[in-house]
> 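Quick one: the structure is below, questions incoming.
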Amino acid sequence: MSSPRPYILSETNWKTVKNEDYDVAVLPWGATEAHNYHLPYGTDVIQCDYVAAESARKAWEREAKPVVLPTVPFGVNTGQLDVDLCLNMNPSTQMAVLSDIADVLERQGIPKLVILNGHGGNHFKQMLRTLPVDFPDLFSCALNWYQAADDERYFDEPGDHAGEMESSTMMHIVPDWVLPLSEAGDGRANKFTVPALNEGWTFVQREWTQVTEDTGVGNPAAATAEKGEAFLNAVTDNIADFLVDLANTDNDSLYE
């Protein structure tokens, strides 16, 4: 069995933690929801766990000291409330969770918080506008891990949800948890009848069961573990670069 990784908080211990000087706290944030027929409900959590850990490992190899907090497994799923066991956490609850964590980090002198998001329904922008008001000594930011590299370089049709990209990454991370692609739906998604709602300059929540029959948006048929591995390598390289740069920059030196 492998040794505890000192950059994964849930694996390590007080004997280690009390002697470390962590410079960035990484908070992975996923969701629990259906992912077509072939991927597990914990897909967003599993991906967040992997990306956060691998990015932190690469950053530690370059002498940065990020610490990965336990992944929050619940996201905003208000559009999927009629899909069995899609679990929802409202934004107001997310803000309460963030505030409690920020309070601990600021009190204990960890200067930076990075939310590593893995669910399209989570949007932290407004929370990050207000968090510094209560916690001025804590730098906080968010990133969507799946946007840390250009997915179109690795996939024919990346897809929006449980498509080629997510299926490929899961085939690399936990291949035994992915059903054969022959059992997956085609991820066909209905569009809005109002044209502007499809054009990206308007926003409305999608009612999931009106959009898709199999809960997927994007065809997973071309997914492979090799594509997933290549994409995840690029993603974690880029996020590790960011964590190193952030760790090496004082909070009062973030602007030129």
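Hydrogens, waters and symmetry mates play no part in the numbers below; they use all other heavy atoms, side chains included.
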> When rounded to the nearest 0.5 angstrom, what distance separates CH2 in W208 from OG1 in T78?
11.0 Å
> Knowing that exactly one of L128, N122, V72, V26 qualifies, which makes a side chain to side chain contact (heavy atoms under 4.5 Å, CB included) with I115?
L128
> What's the separation between atom CG in N238 and atom CG in L243, rounded to the nearest 0.5 Å?
11.0 Å
> Are side-chain heavy atoms of E166 and D44 found at a separation under 4.5 Å?
yes
> Could you tell me which residues satisfy side-chain hydrogen bond (donor to acceptor under 3.5 Å, both in side chains) with E54, sequence neighbours excluded, listed by chain and number?
R57
> Could you check whether any side-chain N or O of T43 sits under 3.5 Å from a backbone N or O of P40, counting only pairs where one atom can act as donor and the other as acceptor?
yes
> Tell me whether D134 contacts the main-chain N or O of T130 through its side chain, where contact means a donor paired with an acceptor under 3.5 Å.
no
> So if I apply the side chain to side chain contact (heavy atoms under 4.5 Å, CB included) rule between I239 and each of T236, V235, D237, D241, which one comes out positive?
V235
> Might you point out which heavy atoms bring H38 and P180 nearest each other, and give the distance in Å?
CB-O, 4.4 Å
> For a quick check under 3.5 Å, do T215 and N36 share a side-chain donor-acceptor pair by atom type?
no
> Contact between L98 and F124 at the side-chain level, heavy atoms closer than 4.5 Å - yes or no?
yes
> Would a distance-only check, ignoring hydrogens and angles, find a side-chain to backbone donor-acceptor pair under 3.5 Å from N13 to T16?
yes
> Mark yes or no for whether N198, through its side chain, and F192, through its backbone, hold a donor-acceptor pair below 3.5 Å.
yes
> How about K112 and N251: do any of their side-chain heavy atoms sit closer than 4.5 Å?
yes
> Name the orientation class of the two ring planes belonging to F231 and W145 (parallel below 30°, tilted from 30 to 60°, perpendicular beyond 60°).
tilted
> Would you say CD of E106 has more than 12 non-hydrogen atoms from neighbouring residues, nucleotides or ligands within 6.0 angstrom?
yes
> State, to 0.1 Å, how close Y41 and D84 come at their nearest heavy-atom pair, and which atoms those are.
OH-O, 2.6 Å
> Using ring-ring contact (aromatic ring centres under 6.0 Å, His included) as the criterion, list what pairs up with Y22, not counting sequence neighbours.
none
> Using a 4.5 Å cut-off on heavy atoms from C-beta on, say whether the side chain of N190 contacts that of Q210.
no
> Heavy-atom distance under 4.5 Å between the side chains of L87 and N77, does that happen here?
no
> Tell me if a side-chain donor or acceptor on D23 pairs with a main-chain N or O of K65 at a distance below 3.5 Å.
yes
> Has R107 got more than 12 heavy atoms of other residues, nucleotides or ligands less than 6.0 Å from its CZ?
no
> To the nearest 0.5 angstrom, please state how far the CZ atom of R153 sits from the NZ atom of K227.
15.0 Å
> Please answer whether the main-chain N or O of A196 pairs with a side-chain N or O of T202 as donor and acceptor at a distance below 3.5 Å.
yes
> Taking a hydrophobic cluster as the set of Ile, Leu, Val, Met, Phe, Trp and Tyr residues connected by side-chain heavy atoms closer than 4.5 Å, whether directly or through intermediates, do F74 and V76 fall within one such cluster?
no
> Strictly by modelled atom types, are D186 and N219 linked by a side-chain donor-acceptor pair under 3.5 Å?
no
> What closest approach, in Å, do L138 and L105 show between heavy atoms, and which atom pair accounts for it?
CD1-CB, 4.2 Å
> Do E164 and T224 touch side chain to side chain, with heavy atoms closer than 4.5 Å?
no
> Could you report the tightest heavy-atom contact between H119 and N117, atom names first, then the distance?
O-ND2, 3.0 Å
> Between atom OG of S55 and atom CG of L116, what is the distance when rounded to the nearest 0.5 Å?
6.5 Å
> Take atom CD in E11; do more than 12 heavy atoms of anything else shown fall under 6.0 Å from it?
yes
> Would a hydrophobic clustering, with Ile, Leu, Val, Met, Phe, Trp and Tyr connected at side-chain separations under 4.5 Å, put L27 with V17?
yes
> Applying side-chain contact (heavy atoms from CB on, under 4.5 Å), name anything that partners D250, two or more places apart in sequence or on another chain.
D252, S253
> Distance from D176 atom CG to M170 atom CE, nearest 0.5 Å?
11.5 Å
> For H172 and E226, test the side chains for any donor-to-acceptor distance below 3.5 angstrom and give the result as yes or no.
no
> Answer yes or no: does atom CD of E63 have more than 12 heavy-atom neighbours from other residues, nucleotides or ligands under 6.0 Å?
no
> So does A223 get a backbone contact from the side chain of S168, meaning a donor-acceptor N/O pair under 3.5 Å?
no
> Any side-chain donor paired with an acceptor under 3.5 Å for T209 and D82?
yes
> Might you point out which heavy atoms bring P220 and A184 nearest each other, and give the distance in Å?
CG-CB, 3.9 Å
> Checking the side chain of T212 only, and the main-chain atoms of G216 only, is there a donor and an acceptor separated by less than 3.5 Å?
yes
> Is the shortest heavy-atom distance from the side chain of W177 to the side chain of M171 under 4.5 Å?
no
> Side-chain contact test, heavy atoms from C-beta onward, threshold under 4.5 Å: evaluate it for I173 versus L232 and give yes or no.
yes
> Is there a donor-acceptor pair under 3.5 Å between the side chain of H35 and the backbone N or O of T32?
no
> Over all heavy atoms of both residues, which pair between A53 and I8 is shortest? Give the atoms and the distance, please.
CB-CD1, 3.7 Å
> Between atom OH of Y154 and atom CE of M165, what is the distance when rounded to the nearest 0.5 Å?
12.5 Å
> Using atom types as modelled and distance alone, determine if a side-chain donor or acceptor of D214 lies under 3.5 Å from a backbone N or O of Y37.
no
> For N19, look at atom CG and say whether over 12 heavy atoms of other residues, nucleotides or ligands are found less than 6.0 Å away.
yes
